Visitor: 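Can you keep this structure in mind? I'll have questions shortly.
All values below come from the heavy atoms of this structure, side chains included, with hydrogens, waters and symmetry mates left out. These numbers come from a predicted model, not from an experiment.
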Amino acid sequence: MDIRKNIIITCVSLFVCATILANQKPYVTNLSRDKYHAANKNWSIGQDEKGIMYFGNSIGLLASDGMEWKLFQTPDASLVRAIAVESHHTIYSGGSEDLGRWDRDQSGELKYTSLKGLINGDNPLDNQSFWRIWIEGDKVYFQSFSHIYVYDHHTITPVDGPNAFLLLLKVRNEYWVQEMYGALYQLHNGILNKIPGSEFLNGTTTRVILPYDTDRYLVGTSTGAIYIYDQKNFIPWNLSLSRQLRGQELNCAIYSAKRNTYYLGTQLSGIYEVDTHGNILNHFSTANILQNNTVLSLYEDNQNNIWVALDRGLAYIRYTDGLSYYRSTDGSFGGIYDATIWHDNLLIGTNQGIYYTRHDKLNDLDMFSSLKLIEGTQGQVWSFRKIDGRLFCAHTNGLLEILPDLHIRHPYRINTGVFRTLEATINGKQIQIIITYDELLILNRTTGELNSMRQIADPIYNAEVDHLGNIWLETSSRGVYKCRLNDEQSAFRYYTYYGNEKDSSLPARLQLFKSGGRILFLGNDQFYIYDEVNDNLQLEQHLNRCFETIHDLKRIVPIDSEESWAITGSSVYRFFYDGYIARIREAYKVEADNLSLITAYENISVLNDSLSLICLDAGFILHDSHRSKRQTVELSAPNLEFIHAGKEQNAGFMDLNKTIHIPYKDNTVTVGFSVNAAFAGNLFVQYQLEEMDSTWSAPKRLNSISYARLPQGKYILRLRTTDGLNNYSPDTLLEFDVLPPWYNTVWWYLTCCLLIIATLFGTFYLMKRRLQTKHLRRMKSQEATRLRLMNEQLQNEIEEKDAEIFTQTSFIIHKNELILKLKEMVDEICSRNTQKALLPLYQKINTLLANNLDTEDDWKMFLIKFEQKHRNFFKRLKEAHPQLTNNDLRLCACLKLNMETKDIASLMNLSVRAVENNRYRLRKKLDLKPTQNLNEYFLNID
């Protein structure tokens, strides 16, 4: 029954995981920081071959290379409603009663030239506004509501046809236009041809014509009605979609060949992304992510990202292979700390509780509105863990069990918060490790007995079990412990500490994780592994080489036995490690705009082998390894735009196509450049001027650099782009030289004389300093010799004192041993001789020997020699321990000399057993711990 249950749960989880990313969610950015586009109307979008984006704006032509925004205005600062980009150097635009072209000069600036003078008539463009511009070969089409003009770079001629037009639309390489509230026409070689059967569109406004299949078309009206035109008939496409668009004012649309989807822009409800059958995949609006619902234009750039021109501002939609972005617009449910799949639901653990949603709701861009709180889980959630078909939640209110019906219960009585829990099998016994705020708990899953491990006082943050059954514990800031349970699982049989306090080469904080089947450790961007032979932690060379250029590593999250996630403060890396090979397979930079990892609690939840959830402070990112691309990232090198010499702003621009020589008086050099797809790739620029910069600069978001007061000489400026994930573009090189100055004046010769004088003075000063230095060295050498002699003298005195103490001690010991032997001989003779007349003589001899065995004079002499060597020893000892007797002090002196027990017994005329008893009593008086050595205690007393 349990096996069947687990199979069902696994199948449901896989189905949910497959459903989650069936419709990929993009990352959407509202560009509202810059004054040029924050509150202005944008009508049209274009891009040149260098990746620079252009926008027809209500105050002019707006351009951005992803690093900086620039505004180019016409002489009368009129609006720009339509644009068409021919190249990086030529752009066409049209506005209200004007049309023209922009040409780029040597300074990189765009200069405007009006073309309306080429149109015949006194006031040819009265009340005309241009809405579309298209470039076809050497012809440019300008379309207003009343005319279509053709510009051939010399003249402008109107196209004959109806008196009023709606919008000139390009489909594949064809141009379509609707007569105002009338039929459709196709423009070919300057001639308008009516489309048969399109009269049914009379009274409507056709704003969308898109390619469909290979030879069919989608035709959409402002009312939301969309038809398939097969070059014979107009057939309604998707009635359900048309009903959804009804009343929303369909305004524009594009087809994305990469995604094989359509983007439909409306005036009232934002953007709908639909598939080729008309099914809605995504809906972008102010209800979830857009800052404005009125979409005036859509554009797909060279990186297949979607740009949106809004009635107020701009938006940017980016798709990353394998990633789906889910961002909370209001952040009402807090930061996400962990997530899991449970019975057809996605459970999300936050700092406010556990939220859940059904799998079918994840296809909605605004899926956060469907999240529901599981009652009883209010508070901080730390982690989830599935054990034997049961789901446990580590919570600030203890360990919770989430039941299949999404109710909760407390499986064990734990009166504190729980960080995490995990299962393990040690010596054939199944246990559950529970890490709480206060202590570590071990649950015997067979008996249900819950034991507290109190031997380690440090707060525990994480735990892992190795292949030998050792439990490794990660402390919050004091290294790690390797522990071994006893057979009863009630306590640790032994434990060993590994950390900075024991080995200064280790970092203060060590994080614990398991990868490649082994326990590994991370600290200060270095990886360590346990060496069983030497019983210490050593650097893991494979991982350290793999991550040598990556810094600020926060945490490692295992995916399976060979793959893991590495998390930094702003990036995540998916890497392979099997104990022999370490290789980064994927790298992603978490967006800076309203998306960030939770500081100090960065985490990625592994939902299954292919699906991971990156936890953010206001949402999450889903990663699907089956859809992600594992290929080398190729970045485009920066494009040179201009080089400017001198301080004058309007002069000093050089021709990049010629050899660049800069006069010395203009040795302040500014170089401008642009980067292809800088915004889409979140790219940065690094630069290095050879002979001036020893290393590359820090990555920066800029499009120009300046070097002031460069010396004469030849220079090579290197530029490259980087994405912050250790991917770099090829270098862009700019060679130039600063010409030498002309020094042919009296001041130059005077300067030379001054330099000669200064050189002579400097030489004299250096020689003087050198002699002084020699003298000081000689004096220091003499002083060192004197101090060495004094030190040797003091050392000899110390050795003499040691010899005297040793001689005195040896004399007393030998004397006592001799007396004891004589006494034993006398006692033996007395026992054998029975003559009573000799008994008084024996007694006198014994008395004499006993009196000389432990004389006070010997001890006085011994203590005098001892005090000469160890001054104030007895004073300090007596001050620290006033309860010590004279005999105790004598024993302390012997221990200070590190004498053996046998010698102490001979010196004090005691038995070895008596000396051991005295040592035991002395330990009690000194209140020493059992692990503290008595001799070392006295050796540490000066």
Side-chain angles (χ1 to χ4, degrees), residues 9-10 12-13 15-17 19-20 324 326-364 366-423 432 434-437 461-462 555 557 597-598 600-608 611-623:
I9 292 174
T10 303
V12 170
S13 298
F15 174 73
V16 173
C17 294
T19 305
I20 288 176
S324 280
Y326 295 83
R327 183 174 62 182
S328 171
T329 55
D330 55 7
S332 58
F333 70 102
I336 296 177
Y337 286 75
D338 203 358
T340 188
I341 298 294
W342 182 243
H343 286 275
D344 210 19
N345 292 288
L346 174 66
L347 271 59
I348 299 175
T350 74
N351 57 355
Q352 298 179 8
I354 302 176
Y355 291 84
Y356 74 95
T357 185
R358 301 287 297 178
H359 66 86
D360 52 354
K361 295 296 183 181
L362 291 171
N363 288 329
D364 299 337
D366 187 23
M367 57 82 60
F368 292 98
S369 62
S370 66
L371 288 176
K372 297 179 181 178
L373 178 68
I374 298 179
E375 286 300 324
T377 66
Q378 289 86 344
Q380 176 69 59
V381 175
W382 296 111
S383 62
F384 294 107
R385 177 73 71 163
K386 294 177 183 177
I387 300 176
D388 282 347
R390 301 167 66 188
L391 178 62
F392 294 94
C393 171
H395 195 278
T396 190
N397 295 331
L399 188 65
L400 309 180
E401 181 180 357
I402 313 299
L403 301 177
D405 60 358
L406 298 183
H407 287 81
I408 67 166
R409 72 181 187 94
H410 293 266
Y412 314 113
R413 186 176 182 84
I414 301 175
N415 297 322
T416 184
V418 176
F419 281 122
R420 54 184 45 83
T421 182
L422 66 151
E423 61 177 331
Q432 186 170 342
I434 303 173
I435 303 170
T436 72
Y437 290 0
Y461 184 72
N462 194 10
R555 190 181 177 192
V557 178
L597 299 162
I598 300 177
Y601 295 99
E602 298 84 359
N603 187 33
I604 296 178
S605 302
V606 180
L607 303 181
N608 67 1
L611 193 63
S612 298
L613 185 145
I614 303 172
C615 300
L616 306 175
D617 60 359
F620 59 88
I621 302 173
L622 285 175
H623 172 272

Visitor: Distance from L607 atom CG to L346 atom CG, nearest 0.5 Å?
Guide: 6.5 Å
Visitor: Would you check if H623 and L611 make a side-chain contact, meaning some heavy-atom pair closer than 4.5 Å?
Guide: no
Visitor: For the side-chain contact (heavy atoms from CB on, under 4.5 Å) test, which of L391, I374, I354 pairs with L406?
Guide: I374
Visitor: Which atoms form the tightest heavy-atom contact between S605 and A339, and what is the distance?
Guide: OG-N, 2.9 Å
Visitor: Run the side-chain hydrogen bond (donor to acceptor under 3.5 Å, both in side chains) test against T436 and tell me which residues pass, sequence neighbours left out.
Guide: none
Visitor: Side-chain contact, heavy-atom cut-off 4.5 Å: Y337 with N603?
Guide: no
Visitor: With side chains defined as the heavy atoms from C-beta onward, is the minimum distance between V418 and R420 less than 4.5 Å?
Guide: no
Visitor: Report the residues that fulfil ring-ring contact (aromatic ring centres under 6.0 Å, His included) with Y355, sequence neighbours left out, ordered by chain and then residue number.
Guide: F333
Visitor: Is there a donor-acceptor contact under 3.5 Å from the side chain of T350 to the main chain of Q352?
Guide: yes
Visitor: Under the ring-ring contact (aromatic ring centres under 6.0 Å, His included) rule, collect the residues that match up with Y461, sequence neighbours excluded.
Guide: F419
Visitor: Run the side-chain hydrogen bond (donor to acceptor under 3.5 Å, both in side chains) test against N415 and tell me which residues pass, sequence neighbours left out.
Guide: none
Visitor: Please test K372 against T357 for side-chain contact (heavy atoms from CB on, under 4.5 Å), starting from the C-alpha separation and ending with a verdict.
Guide: CA-CA 7 Å; K372 297 179 181 178; T357 185; over 6 Å; no
Visitor: Show, in sequence, the C-alpha distance, side-chain angles and deciding distance for F392 and I387, and conclude whether the side-chain contact (heavy atoms from CB on, under 4.5 Å) test is met.
Guide: CA-CA 8 Å; F392 294 94; I387 300 176; 3.9 Å; yes
Visitor: Apply ring-ring contact (aromatic ring centres under 6.0 Å, His included) to residues W382 and Y601 and explain how you reach the verdict.
Guide: CA-CA 9 Å; W382 296 111; Y601 295 99; 5.2 Å; yes
Visitor: Say whether N345 and H343, considering side chains only, have a donor N or O and an acceptor N or O under 3.5 Å apart.
Guide: no
Visitor: Could you tabulate the donor-acceptor pairs under 3.5 Å formed by side-chain atoms of residues 393-404, not counting sequence neighbours?
Guide:
| unit_1 | atom_1 | unit_2 | atom_2 | d |
| --- | --- | --- | --- | --- |
| H395 | ND1 | N397 | N | 2.9 |
| H395 | NE2 | T377 | O | 2.7 |
| T396 | OG1 | Y437 | OH | 3.1 |
| N397 | ND2 | Q378 | O | 3.4 |
| E401 | OE1 | R390 | NH2 | 2.8 |
| E401 | OE1 | R409 | NE | 2.9 |
| E401 | OE1 | R409 | NH2 | 2.8 |
| E401 | OE2 | R390 | NE | 3.0 |

Visitor: Not counting sequence neighbours, which residues clear side-chain hydrogen bond (donor to acceptor under 3.5 Å, both in side chains) with S383? List them please.
Guide: none
Visitor: I need the I336 CD1 to I598 CD1 distance, nearest 0.5 Å.
Guide: 7.5 Å
Visitor: I348 and side-chain contact (heavy atoms from CB on, under 4.5 Å): which partner among F368, F620, F384, Y356?
Guide: F620
Visitor: Mark yes or no for whether K386, through its side chain, and W342, through its backbone, hold a donor-acceptor pair below 3.5 Å.
Guide: no
Visitor: Report the distance from atom OG1 of T421 to atom CD1 of I434, rounding to the nearest 0.5 Å.
Guide: 4.5 Å
Visitor: Does R385 reach the main-chain N or O of L422 with its side chain, forming a donor-acceptor pair under 3.5 Å?
Guide: no
Visitor: Who are the side-chain hydrogen bond (donor to acceptor under 3.5 Å, both in side chains) partners of H410, not counting sequence neighbours?
Guide: none
Visitor: Check whether any side-chain heavy atom of Y326 lies under 4.5 Å from a side-chain heavy atom of L616, and answer yes or no.
Guide: no
